[in-house]
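For reference, the structure is listed below as structure tokens.
Each chain gets a letter, A, B and so on, in the order the sequences are listed, and its residues count up from 1. Hydrogens, waters and symmetry mates are skipped; everything else that's a heavy atom, side chains included, is used.
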Amino acid sequence: MVSLLRNQKVRNTLLQVLFVGSLAAMILACVMIARRNLAEQGITSGFDFLFKSTGWDVNFSLLPANANDPYWWFFLIGIINTLFLGTTGLVLATIVGTIVGLARTSSNELARLLGRTYVDIFRNIPLILQVFFWYAVITHLPTPRAAHEAFGMLLTSRGLYVPVPNVGGAALAAAMLAVIAAVALPVWLGRTSRLSQPLGERLGIQLTAAATALASGAVILALGRSPGVPILDFPSLQGLNLKGGLRIPPEFSALAVAIAIYGGSYIAEIVRGGFKAVGKGQMEAALSLGLSPWRVFTLVRLPLALRAMLPILANQYVWLMKATTMGIAVGFTDFFMIVALTINHSGQTLEVIGILMAGFLAINLSLAAVFNRINRAIALKGNQLRG
Amino acid sequence: MNSTQSSGPAVRIENLDKYYGSFHALRKINLSVKRGERIVVCGPSGSGKSTMIRCINRLEQHNGGRITVLGTELNDDVGNIDEIRREVGMVFQHFNLFPHMTVLENCMIAPMIVRKRPRAEAETTARRYLEKVRIPEQAMKFPGQLSGGQQQRVAIARALCMQPQIMLFDEPTSALDPEMIAEVLDVMVRLASEGMTMICVTHEMGFARRVADRVIFMDAGEIVEEAPPEEFFTSCRNERTRQFLSQVLGH
């Protein structure tokens, strides 16, 4: 018996069994205690409440919503709002970060100084403070009557009013897919056959793919448009208020701007690090071959910098996605706020928090999976690299 | 501005000065390299040999004096710099291949973009030079999948694909394991025998003896000694050269 305990394999197995056993016991105890406590307070657990109507409304939704809709529909609205805010924030933060990051690596001293100041300021102020700051700024914009106007968009203290196409939801979604395809197809074609076709011909194929996708998008829009109204619905002043178009509430704008500016300062550092990680030697080699500085940038520096950035960037994106939960601070109905309201109204705390966690896990794990996939696809091959 | 000028020296360096801040890296260097000439530059580390050859294709900017390459003066004129870089190939100590492109792409990219060669022609040229450096079978691999010696031979092929008139070698064997040095030197010897104008910074004294028309010894930013190899190795005049040679050849 004693000799058996000295066997490495036996020991490891025993430890595993003990570990799994105590974990299972702990979970079981938690569930049993929770059930007894819930029963004592007269709360019925389960997911039946999902199909009851909420009785309250949301202030912003991309889907039609009213107080008679069931909870599950509201959760869907919350997730879509979070995704909408998250993607807007991520895209803007990436643009800001790229510009600031490039400024920080530039040879121009003024640009470097500006970039550094930007990062120093916005990286060191808590996100929630920045959200409040931008919310205050945006709610102090002019009234609808004195709105700032640009490209058919109106900027007021009640929000940003943007023109929307007068088409059915399904057609709009299909058209958006077409636009994504128009961007993605040429990139994909470019990757699969970098040099297997002459540069000129490849460009032709890529342009054709993009044009085809865009054209099909236009056709879908034309077919899906509501009859008898102009294709674009422009916001306009009627009486004291604005009618038409889509209203982006100040809450959303404040959050998007804050995430863009705060996230941008982190992404700027990632971008800078990525460019720093590219060996000087590769760029010198490219220059010595007679490639122009622009070609050196696009063919050598950027592709190598991207490979260094992506893993850290994925991490940052996941972080920023979670930052959308700041919505509750200014009253934007993101997923987290819907969950908080649901807890107040239904009392189904455990179930709802479970749904919240599952939702964020699903979003962020998919994001991470996509990035891992890209990382693997573009990873440098071989282990004999130096310099 | 005529790059195909067939008379005059390939490279002429007059009174070249180079500073790094207050450090005087090159002091009044004068050197003229004839077409087809093979020059080996040696000297202790920090003596300015790499800096000098890096000035020839403007990887370093000189602070004084004149550099003329194939009749074109190297100055702030971007057109001149481009023209010179097109005609001057360079091989680096750490190979500096583009790790995200295949060996073939490494060799094709500059001819296609800088010389505007059609793809088929660029590929034929690339394969021919890969054959020449004896690694045609590695064309579809990535640099990271090759040994150091193979990578350096790809780097030589990549430079040759631009069909340059002058080749610069900046310590091409210093980062290689001993057993790989020979395969790279072999390629360089063959290149020399074909009449390429070469300027090599190297400590391979055997190579210098075999192919160099002239050996140049630099120390502290100056050319200290300049002589044909047999003379250089047997009867050098300068004390510093003798000391250096005894250290390199001592073992």
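Heavy atoms of B/Leu168 lying under 4.5 Å from chain A are absent altogether. No part of B/Arg58 comes within reach of chain A, as not one of its non-hydrogen atoms sits under 4.5 angstrom from that chain. Heavy atoms of B/Pro118 lying under 4.5 Å from chain A are absent altogether. The parts of A/Leu287 that come within reach of chain B are both its backbone and its side chain, each placing non-hydrogen atoms under 4.5 angstrom from that chain.
If you take CD1 on B/Ile84 and OG on A/Ser288, they are separated by 13.5 Å, rounding to the nearest 0.5 Å. Going from atom CD of A/Glu284 over to atom CG of B/Leu59 covers 5.0 Å, rounded to the nearest 0.5 Å. Rounding to the nearest 0.5 Å gives a distance of 6.0 Å between CG of A/Leu291 and CZ of B/Phe98. Here CE of B/Met101 is found 10.5 Å from CD of A/Gln282. Values are rounded to the nearest 0.5 Å.
Nearest heavy atom pair, residue B/Ala110 against residue A/Leu289, reads CB-CB, 3.8 Å. B/Pro99 and A/Leu304 get closest at one heavy-atom pair: CG-CD2, 3.6 Å. Taking every heavy atom of both residues into account, B/Gln145 and A/Gly382 meet most closely at CG-CA, 3.7 Å.
Residue with the most contacts toward chain A among B/Leu97, B/Val91, B/Asn57: B/Leu97 (heavy-atom pairs, distance under 4.5 Å).
By the 6.0 Å contact criterion, CZ on B/Arg134 is open, its count of non-hydrogen atoms from other residues, nucleotides or ligands being 12 or less. Within a 6.0 Å sphere centred on CD of B/Glu194, other residues, nucleotides and ligands contribute more than 12 heavy atoms. Counted within 6.0 Å of NZ on A/Lys381, heavy atoms from surrounding residues, nucleotides or ligands total more than 12; the atom is thus considered enclosed. For A/Gln8, the CD atom is loosely surrounded, since the number of other residues' heavy atoms within 6.0 Å does not exceed 12. Crowding of A/Arg116 atom CZ: a count of heavy atoms from other residues, nucleotides or ligands under 6.0 Å not exceeding 12.
Using a distance-only test at 3.5 Å, with no hydrogens or angles considered, no donor-acceptor pair links the side chain of B/His100 to the main chain of A/Ala379.
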